[in-house]
Structures are given as structure tokens and as C-alpha cells.
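So the structure is just underneath, and the comments pick up after that.
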Amino acid sequence: MHDVVIVGAGPAGLTAAMYCARGGKKTLVLGNIYSSQQSMGGLYENYPGFPDGIQGIELSDRMLAQAQKYGAEYQEDQVEKIVPLRDTFRLKTENWQYEARAVILAMGASHRTIGVPGEKELTTRGVSYCVHCDGALFRGKAVAIVGYGNGAARAILYLANIAEKVHLLSSRDKLVAEPVYLDRIKKLTNYTSTFGAEITEILGDQFVTSVEYKVGNTPRSLKADGVFVEMGMQPNTELATALGLEMTPGGFVKVNRLNQETSMPGIFAAGDLTGGRLQVATAVGSGASAAISALQYLG
Ligand SMILES: Cc1cc2nc3c(=O)[nH]c(=O)nc-3n(C[C@H](O)[C@H](O)[C@H](O)COP(=O)(O)OP(=O)(O)OC[C@H]3O[C@@H](n4cnc5c(N)ncnc54)[C@H](O)[C@@H]3O)c2cc1C
């Protein structure tokens with residue numbers, strides 16, 4: 001039995017864990033720090049306190065260390081179900097179950113897929129969702145990036161240092177990203193782009209060989225050794241919807257923004273799961289707020 005179990009080991013969950021453990025509560029974090037967006041995001045230049053930026057993986061390691069320093073436990077377990085009992089909650093993982101008097105949900109978000117033939121089949125064989133994990137495999141090769149926003153802009157900048165050629169295929173009519181990234185992209189010499197592109201298929205036998213797409217009704221093909229999908233994120237809400245929590249019209253877990261309470265007493269939520277600005281700084285803030293509310297709830 002724990003006082004608080006936190007589901008998710010990203011910045012929201014790890015901050016909540018640090019606050020709860022430091023507040024004297026028996027605290028457990030379930031999740032994997034290395035599968036968080038924070039760990040996959042590469043260099044964070046806008047998280048305060050690090051003027052030269054900090055790598056997401058280092059930030060995750062440091063946040064976990066700080067939570068553990070105050071006594072928080074950490075298990076790399078995926079929660080499959082949460083069952084409300086009389087005064088507690090039971091959390092089931094593949095091989096174990098835990099009980100808690102309060103639960104903080106911080107499952108973050110996952111990558112959106114394109115949903116075209118070849119994408120699933122060639123994932124890990126040229127199709128990737130993480131430039132920082134797989135970019136180095138494409139040294140001196142040609143890569144395509146599919147996307148339109150900040151994620152795509154950062155992927156372009158990262159891959160342009162590694163790959164021989166980087167080509168953006170975007171469904172939009174321009175790249176919508178922070179000006180600082182757009183300025184840096186303008187200076188690249190190995191970057192090209194196609195806007196208004198609708199991807200139809202990713203081809204390859206053992207590995208990716210090309211991306212098929214249409215501009216208007218005209219079919220086109222781009223030779224590529226790798227395809228990086230940067231289509232944004234969708235919240236990991238399965239546990240919340242199974243619990244019957246109230247959701248926002250946008251599909252996020254609905255919380256009272258003052259205290260991160262969900263529609264079920266004893267269950268709090270924080271981070272990207274609850275929508276809003278989807279940043280590390282805001283995830284940290286809402287994680288702290290959820291933890292303080294959980295401490296008050298526990299008395
Ligand atoms: C490529 C990229 C670049 C980014 N760049 C920036 C940036 O420059 N600045 C910025 O501020 N933000 C940036 N972000 C966004 C930022 O990383 C996220 O807003 C932030 O990490 C959200 O934190 P979170 O704790 O809500 O979720 P996440 O970091 O997504 O963590 C979610 C955690 O939940 C766990 N989990 C999920 N389901 C379960 C389950 N069923 N059981 C147990 N655990 C589960 C996961 O394993 C993970 O540990 C970027 C994101 C990406 C992907």
C-alpha cells in the first residue's frame with residue numbers, strides 16, 4: 001500500500017513524485033523515464049536554469065534522482081488498469097498490482113502516426129519517430145521528414161548535421177515553427193522541402209527505399225533511406241477513459257486548473273495528458289500542483 005502512486009515518469013510525474021516524497025508520503029512512480037517525451041526531445045533550450053540547454057535524458061535522470069533522494073520508489077512498469085475500491089485504488093501492471101490512497105496520472109502523450117501502407121511494416125527499418133534515438137543511423141544518407149511544426153523544424157536541424165540530404169514533406173503550405181528555428185533552417189545547404197504533399201505509401205523491402213506522395217493529383221516519389229515522422233503528439237488517455245474520468249472536447253483529461261483535480265476524488269492529473277501548453281516547464285508546474293493537492297487530500 002502506498003499513499004500516492006504516480007503513473008508516468010516524465011517531468012510531470014517525476015516532479016509530483018519529488019513533492020509527494022518530500023512531503024513525507026510513501027510514494028511510487030510507475031513508468032519508464034527513457035520512454036518519456038522529455039527523454040526523446042533532445043536538447044531543451046527553454047527550460048529555465050540551463051543557459052546552454054540541457055539534454056532531455058539528463059533532465060529525466062536528474063529529476064528521478066531528486067525524487068529518489070527524498071524516498072520516492074520507481075518501478076519501470078506499465079499500468080494496464082486502475083480499479084477504484086472503497087477508499088483506495090488498485091493499479092494493475094502485467095505482473096504485479098499496487099494499491100494507493102491517491103493517484104496522480106501523468107502519462108503524457110505519444111507520437112501521431114501518418115497511417116499509410118508501409119509505415120508500420122518499416123518501423124525500426126527506416127521509419128522512426130525519434131531523431132535523437134535513430135538519427136545517427138543515417139550518417140551520410142538521405143532522409144525525409146514528414147511534418148509541419150516545431151517538431152519537424154527541430155528534426156530538420158538535428159538531421160542536417162548527420163545526413164547528406166534532408167527533405168521535408170509537409171501537408172501544409174509552410175513550416176510553422178519558432179522563428180529561432182526557421183532562421184537556422186534558412187542557413188542549411190543540404191535541406192529541401194515540398195509543401196502541400198500528401199503521403200500515400202512508404203516503400204522498401206528490408207529497409208525504406210522511397211516515400212510516395214501526391215501534390216494535388218500528381219503522384220511523386222522521393223528516394224530516401226529513412227523517414228522521420230514528426231506529426232505531433234496525442235495524449236495517452238486510455239487509463240483515464242477506462243476509469244470514466246471527464247474529458248475535454250479536445251480529448252484531454254479534464255482538470256480543475258487551480259489544483260489539478262479530475263472528476264474523480266483521489267485522482268489527480270498533470271502534464272501533457274491534461275492539454276494546455278505542452279511544455280516541460282508547464283508539465284513541471286502542473287506536477288507540483290497535483291502533488292500539493294494530493295498531499296492536502298491525504299491530510
Ligand atoms: C521531439 C520533442 C521535442 C520537444 N521539445 C520541447 C522543448 O524544446 N521545450 C519544451 O518545453 N517541451 C518540448 N517538448 C514537449 C515536452 O517534452 C513535453 O511537453 C513534456 O515531456 C510532457 O511531460 P509529461 O510528463 O506530461 O509527459 P511525458 O514526458 O510524455 O512522459 C510520460 C510518461 O508516462 C509514461 N506512461 C505512459 N503511459 C503509461 C502507463 N500506462 N503506465 C505507466 N507509465 C506510462 C511514459 O513511459 C513516460 O514516462 C518536446 C517533445 C518532443 C517529443
Side-chain angles (χ1 to χ4, degrees), residues 1-33 36-38 47-48 59-60 62-64 66-75 77-79 82 84 87-91 98-109 233 235-248 250-299:
M1 170 67 92
H2 288 82
D3 291 319
V4 189
V5 171
I6 294 153
V7 188
L14 294 175
T15 304
M18 189 261 286
Y19 270 74
C20 289
R22 203 164 169 270
K25 298 298 173 197
K26 190 167 160 54
T27 304
L28 170 69
V29 185
L30 298 172
N32 185 335
I33 60 166
S36 65
Q37 292 175 78
Q38 172 164 273
Y47 187 68
L59 201 48
S60 295
R62 282 170 174 256
M63 287 181 178
L64 177 62
Q66 195 171 356
Q68 286 179 321
K69 178 181 155 189
Y70 293 107
E73 298 162 46
Y74 167 61
Q75 291 287 340
D77 258 357
Q78 187 79 1
V79 178
I82 303 177
D87 296 316
T88 59
F89 299 92
R90 181 167 296 149
L91 295 96
Y98 305 85
E99 228 170 283
R101 291 165 60 212
V103 173
I104 298 177
L105 301 177
M107 289 91 72
M233 313 298 294
N236 297 322
T237 53
E238 297 82 358
L239 291 173
T241 45
L243 261 173
L245 298 187
E246 204 176 323
M247 309 296 282
T248 67
F252 296 92
V253 174
K254 188 168 180 185
V255 287
N256 173 343
R257 280 286 172 212
L258 288 177
N259 53 22
Q260 303 299 127
E261 279 174 358
T262 66
S263 55
M264 188 175 287
I267 303 246
F268 304 84
D272 282 12
L273 186 66
T274 63
R277 299 298 181 206
L278 312 188
Q279 293 286 289
V280 168
T282 51
V284 163
S286 63
S289 177
I292 293 168
S293 302
L295 291 173
Q296 283 170 355
Y297 171 82
L298 291 168

Please report the interatomic distance [atom1]([X]) to [atom2]([Y]), rounded to the nearest 0.5 Å.
X	Y	atom1	atom2	result
L105	N236	CG	CG	11.5 Å
I267	L245	CD1	CG	6.0 Å
L14	Q68	CG	CD	9.0 Å
K25	L298	NZ	CG	5.5 Å
Y19	I104	OH	CD1	12.0 Å
E238	M107	CD	CE	7.5 Å

When you measure from the side chain of [X] to the backbone N and O of [Y], does any donor-acceptor pair fall under 3.5 Å?
X	Y	answer
S263	E246	yes
T274	A270	no
Q260	A269	yes
S289	G285	no
Y74	I33	yes

How close do [X] and [Y] get, counting heavy atoms only, and between which atoms?
X	Y	value
A16	A291	O-CB, 3.5 Å
L91	A100	CD1-CB, 4.3 Å
L278	T282	N-OG1, 4.0 Å
P11	V284	CB-CG2, 4.0 Å
P235	G251	CG-O, 3.7 Å
A21	G71	CB-C, 4.2 Å

Minimum side-chain heavy-atom gap [X]-[Y] below 4.5 Å:
X	Y	answer
T237	L273	yes
F89	M264	yes
Q37	D272	yes
N259	Q296	no
Y297	E261	no
R90	E99	yes
T27	E73	no
K69	R22	no

**OP:** Take Q75 and V29 through the test side chain to side chain contact (heavy atoms under 4.5 Å, CB included) and record every step on the way to the result.
**Re:** CA-CA 6 Å; Q75 291 287 340; V29 185; over 6 Å; no
Original post:
Between R101 and D3, is there a salt bridge with N-O shorter than 4.0 Å?
Top reply: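 Yes, D3 and R101 are salt-bridged.
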